[in-house]
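Heads up: the structure comes next, in structure tokens.
Since the structure is predicted, the reported quantities are computational estimates derived from the model, not experimental observations. Residue numbers start from 1 in every chain, and the chains themselves are labelled A, B, ... in the order their sequence lines are given, proteins ahead of strands.
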Amino acid sequence: MALGPCPGKLAIPAPETTRSDHMTTTPRLTPLRYDPTELDRKWQQRWAQDNLNHVNDDDPRPKWFGLTMYPYPSGDLHVGHWYAMAPSDAHARFMRMKGYNVMHPMGFDAFGLPAENAAITRGIHPHTWTMANIERMRGQLRSMGTIYDREREVVTCLPEYYRWNQWFFLQFYKKGLAYRASAPVNWCPTCQTVLANEQVVDGKCERTGDVVIRRQMNQWFFGITKYADELLDFSNVIEWPDRIKLMQTNWIGRSEGVQISFDISDLGLDDKELRTFTTRIDTIFGVTFVVLAPEHPLVEQLTTPGQHDAVHAYIQQAGEASEIDRLSTEREKTGVFTGSYAINRLNGEKVQIWVGDYVLASYGTGAVMGVPAHDQRDFEFAKKYDLDIRVVVAPPAYDGQPFTEAYVDKGAGSQVNSGQFDGLPNTDGYKAIADHIEAQEWGTRTITYRMRDWLVSRQRYWGTPIPIVYCEKCGTQPVPEDQLPVVLPEDAEFKPTGESPLKYNEGFLHTTCPNCDGPATRETDTMDTFVDSSWYMYRYASPHFDQGPFDTAKTAQWAPVDQYTGGAEHAVMHLLYARFFTKAIRDLGLIDFGEPFLRLFNQGSVIHGGHKMSKSRGNVIAPDVYVNDLGADIVRLYLMFMGPWEGGGDWSDTGINGVARWVNRAWDLCLASTDALPDADAASDRDVTRLTHQTIRRVIQDIERFKYNTAVSAMMEMTNQLAPIHEAAKVSKGVWRDTVSSLLLLLAPLAPHITEEMWERTGHTGSIHAQNLPAWDESLAAIDEATLIIQVNGKVRDKITVPADITEDQAKQTALASDKVTPYTQGKTIDKIVFVPARYLISVVVKG
RNA sequence: GCCGAAGUGGCGGAAUGGUAGACGCGACGGUCUCAAACACCGUUGGGGGCAACCUCAUGCCGGUUCGACUCCGGCCUUCGGCACCA
């Protein structure tokens, strides 16, 4: 899972034209009061020495498992990674200071396409390339000052990890949850190889420019649709964004309908009927044709000799269109007649069987009944090919005229031209027709999902080998568990076509059958990397366990994940696969819960120069130069201050200076001498205390909601107000010490290094990160004066300072007495007066 | 195309249906300096007014409400995903 932009494309040089105004040279950065490099180094070393970030399983405090999506080791940690990791690190630190035993680990999603591309273009072995990248990124992760416990790192391309992918595969296989079936792949005829979607540009091979065709291959699937209904149920998560739940719900796409068969027995084929799925069985009498997907298994047999050439040409053409294009409602609906007919059993009519690419083989039965009067796609299709359009659901007050578009409303119309069902209201018609069909055994009510089973086969090298052996005698044989892992061979020849070296690795390919000991060949496909990321969270509890995928006792102690954060681009696939895996693992008896992530938060992405950062655009910001000059804390703080984490933010070289200036001011203020301050009873003590408690409240509430930007603002406002008070010595020593301590504690999760330094310099012992957050006291945070806002007909007319405990009557009297208000009320009738106590707002409504 | 989001000053953004523009950047004016940098002080949405203040303004068009950036309906634009990038 790449966090942020890590394009896996073969290196494409950045077009010169896009390197424009936003490509600044070395930015001018604010000089700091301290040496950030030295300070970062000092504390990172100290924390390592003291093992401050070691996570202890036996810690008596309540556990908190905070997880950030692990990155793909693309080579360098860039600002996009920091944007994902720094705020989540701050949250984990925040939870630790709230009294939890926090596990906030990090690992690497180390299998994937870019490593193979590096092998092809640069001749580096994927393993070498990946491990070197991981080593470099480990150092960069340390430079952020994160609390990752390095003993808990997970690296998915190591056999100690991926053998458990294989183990899961075998368990799924035993349960029938892993199975082999035919599915299309992108095929480049020139390269003679399978292409990833990413390698297909405008329907052409990225490398050769040849038109990519879809080709059927036998591939492995996981039966995620068996869990479709449970995946629609979000009642066991605590806090997930509604939009993610909605996207997953729509992705799963449950629809209730009827599977209805058309009679093709007079054609003399093995299949006597043609099955279709419809959600509108009430329109069955309006069927004037049937359309099959070009990939439908019966197309070949149904095509008459006279139509053979036309159908074949059409299928070839359809093989070049992408699924997104085929589903477009704007695209012209095309098709070709097979020459055969099917019988609609409800009225005995013969209807033409067509092939059309707006029907997908992967949805429903791969065949649809064409009801042009009541489905817009069918309507367009019928218009184009001059097929009958028969109204069977009359809209209310229907005048009998031909439709100019399909009438698709459900429920309002009534059945016509529908035999014995004529005159029934549409909804009753649906029930009656469905009952009739079930009674006649022509079809059944059924549920179809848009979601398909998970295709896990990849025709690639750099992935987990699928633990299956093919024996001529015994057929498909799972590799016995005691022979795991099936190790990815290191000797591999990478051809410039991108073809998987596994197919030609004799030592890997040839093996013996685990059943009969005869000669056999291994499956050479590897697994989708989403398999790795579907259960990695459970591995962190026991990352080096070798008796199973994880130590079930440890996982029971830590899992499920309390807070998961990562990019919204994973809203559906990764998160759905991980939910499926969790339920499947639960059914294997390894865990006793069904949801992997109790709370979910998706951050936005960092924009620079108006675009998401990407290597190909040439607008990537390397954090290293900023870290060197300003230190990790200021980069962390700026990323959090830039904008709401959820919405992403716009990187600005000057903007980071604003945070640097504030850190300078805060540094001066917190370390300023207190000699000139009175010992007690200073004029502003109450104000300072109130400000402190208000700020504690704001910051804690903001961080709980991941609103780091306003949390930082609140602390900026606090120092802005404190500076003149300290300058004028209007605060006493004790109150000042408390306020500085509170500020440092609040800032510590966000800026761990400088707060640790200031904590030490202000005379505290022990790490600031081992402290608890300050608590606020509502009575100390309370105001004693408020501004009463007075509106007349919704427009603000006056603002008056009043005591905080003003009553409603007093507020109303004050409002009506205001000489800014009377001109608007004079000679008019006061309709009503609204008082909003929480807002100190009076709204006077006048008439006339 | 489908699914999901987002549009507020010159810029990043703030605002449980209740003072629109907090906080910060930039810009302008000033202090300090031989000069600059740093720092500090002040101004900074548009229009009108000497001023008090008035008025317009949260992508566009409508609606609900005493009151709408916020809720509802319809558009426009941008972004994320669409099953083999991760």
Quiz item: Taking O4'-C1'-N9-C4 for purines and O4'-C1'-N1-C2 for pyrimidines, is B:G45 syn (within 90° of 0) or anti?
Solution: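 Anti conformation here, the glycosidic angle of B:G45 being more than 90° from 0.
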Self-check item: Dot-bracket encoding per residue of RNA chain B, Watson-Crick/G-U cut-off under 3.5 Å, | denoting interstrand
Solution: (((((((..(((.....[....)))((((((.......))))))((((....))))..(((((..]....))))))))))))....
So which nucleotide from [options] ends up closest to the side chain of [X]?
X	options	result
A:Ala196	B:U19, B:C23, B:C84	B:C84
A:Val185	B:G24, B:C85, B:C84	B:C84
A:Ser328	B:G1, B:C53, B:C23	B:G1
A:Glu198	B:U16, B:A83, B:C85	B:C85
A:Asp528	B:C85, B:A39, B:C84	B:C84
A:Arg839	B:U19, B:A83, B:U16	B:U16

Indicate yes or no for a side-chain donor-acceptor contact from [X] to the backbone of [Y] under 3.5 Å, with no hydrogens or angles considered.
X	Y	value
A:Tyr840	A:Ala804	yes
A:Asp798	A:Ala815	no
A:Arg207	A:Thr497	yes

Practice problem: Let me have a per-nucleotide readout for nucleotides 74-79 of chain B, 5' to 3', with B, S or -, counting only protein heavy atoms under 4.0 Å. | Solution: ------
Angle between ring planes, [X] versus [Y], binned at 30° and 60°: parallel, tilted or perpendicular?
X	Y	value
A:Phe580	A:Tyr227	perpendicular
A:Tyr161	A:Trp535	parallel
A:His81	A:His78	tilted
A:Trp651	A:Tyr638	perpendicular
A:Tyr83	A:Trp645	perpendicular

For [N] and [M], measure between their [atom1] atoms and round to the nearest Å.
N	M	atom1	answer
B:G9	B:C2	C1'	36 Å
B:G45	B:C28	C1'	16 Å
B:A83	B:U78	C1'	25 Å
B:C32	B:A37	C1'	12 Å
B:G59	B:G7	P	8 Å
B:U77	B:G30	P	47 Å
B:G24	B:U44	C1'	14 Å
B:U70	B:U19	P	13 Å

Should the heavy atoms of other residues, nucleotides or ligands under 6.0 Å from [atom1] of [X] be counted, would the total exceed 12?
X	atom1	answer
A:Lys245	NZ	yes
A:Asn218	CG	yes
A:Gln701	CD	yes
A:Arg579	CZ	yes

Produce the list of close N/O pairs, under 3.5 Å, pairing protein atoms with atoms of nucleotides 2-13 of chain B; give distances to one decimal.
residue : atom : partner  : partner atom : Å
B:C3    : O3'  : A:Asn250 : ND2          : 2.6
B:C3    : O2'  : A:Asn250 : ND2          : 3.1
B:G4    : OP1  : A:Asn250 : ND2          : 3.4
B:G12   : O2'  : A:Met642 : O            : 2.6

Expected rows: protein N/O vs nucleotides 63-71 of chain B N/O, under 3.5 Å:
residue : atom : partner  : partner atom : Å
B:C66   : O2   : A:Ser843 : OG           : 2.7

What is the distance, to the nearest angstrom, from the [atom1] atom on [X] to the [atom2] atom on [N]?
X	N	atom1	atom2	value
A:Lys707	B:U16	NZ	C1'	12 Å
A:Trp662	B:C38	CH2	P	21 Å
A:Leu231	B:A83	CG	P	19 Å
A:Glu646	B:A14	CD	P	10 Å
A:Gln694	B:C23	CD	C1'	16 Å
A:Glu717	B:G21	CD	P	13 Å

Could you go over nucleotides 25-29 of chain B and give all protein N or O partners under 3.5 Å, atom names and distances?
residue : atom : partner  : partner atom : Å
B:C25   : OP1  : A:Arg661 : NH1          : 2.5
B:C25   : O2'  : A:Thr654 : OG1          : 2.7
B:G26   : OP2  : A:Arg661 : NH1          : 3.4

Self-check item: side chain to side chain donor-acceptor pair (under 3.5 Å) between A:Tyr824 and A:Ser818, worked out
Solution: CA-CA 11 Å; A:Tyr824 296 97; A:Ser818 158; over 6 Å; no
Quiz item: Mapping A:Ile789 and A:Ser713 to their closest nucleotides on RNA chain B, which lands nearer the 5' end?
Solution: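 By nearest-heavy-atom nucleotide position, the 5'-most residue is A:Ile789.
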Practice problem: Using the closest heavy atom to pick a nucleotide of RNA chain B for each, name whichever of A:Val712 or A:Val836 lands nearer the 5' end. | Solution: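 Final value for this comparison: A:Val836.
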Base, sugar-phosphate, or nothing for [X], non-hydrogen atoms under 4.0 angstrom?
X	value
A:Glu323	nothing
A:Ser362	nothing
A:Gln219	base
A:Ile833	nothing
A:Asn664	nothing

Practice problem: Please name the residue in the list A:Phe706, A:Trp240, A:Tyr564, A:Tyr708 that meets the ring-ring contact (aromatic ring centres under 6.0 Å, His included) test with A:Phe601. | Solution: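 Single ring-ring contact (aromatic ring centres under 6.0 Å, His included) partner of A:Phe601 among A:Phe706, A:Trp240, A:Tyr564, A:Tyr708: A:Phe706.
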Quiz item: Is A:Arg636 positioned over the aromatic face of A:Trp82, cation under 6.0 angstrom from the ring centre and no more than 45 degrees off axis?
Solution: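 No, a cation-pi geometry is absent between A:Arg636 and A:Trp82.
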Practice problem: Check whether any side-chain N or O of A:Arg331 sits under 4.0 Å from OP1 or OP2 of B:G1, and answer yes or no. | Solution: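 No, because none of the side-chain N or O atoms of A:Arg331 sits under 4.0 Å from OP1 or OP2 of B:G1.
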Quiz item: Distance check: side-chain N/O of A:Arg797 vs OP1/OP2 of B:U55, anything under 4.0 Å?
Solution: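 True: A:Arg797 side-chain N/O within range (under 4.0 Å) of B:U55 OP1/OP2.
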Quiz item: Sequence neighbours excluded, which residues qualify as ring pair (Phe, Tyr, Trp, His ring centres under 6.0 Å) partners of A:Phe381?
Solution: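 Applying ring pair (Phe, Tyr, Trp, His ring centres under 6.0 Å) to A:Phe381 gives A:Phe289, A:Trp354, A:Tyr358, A:Tyr385.
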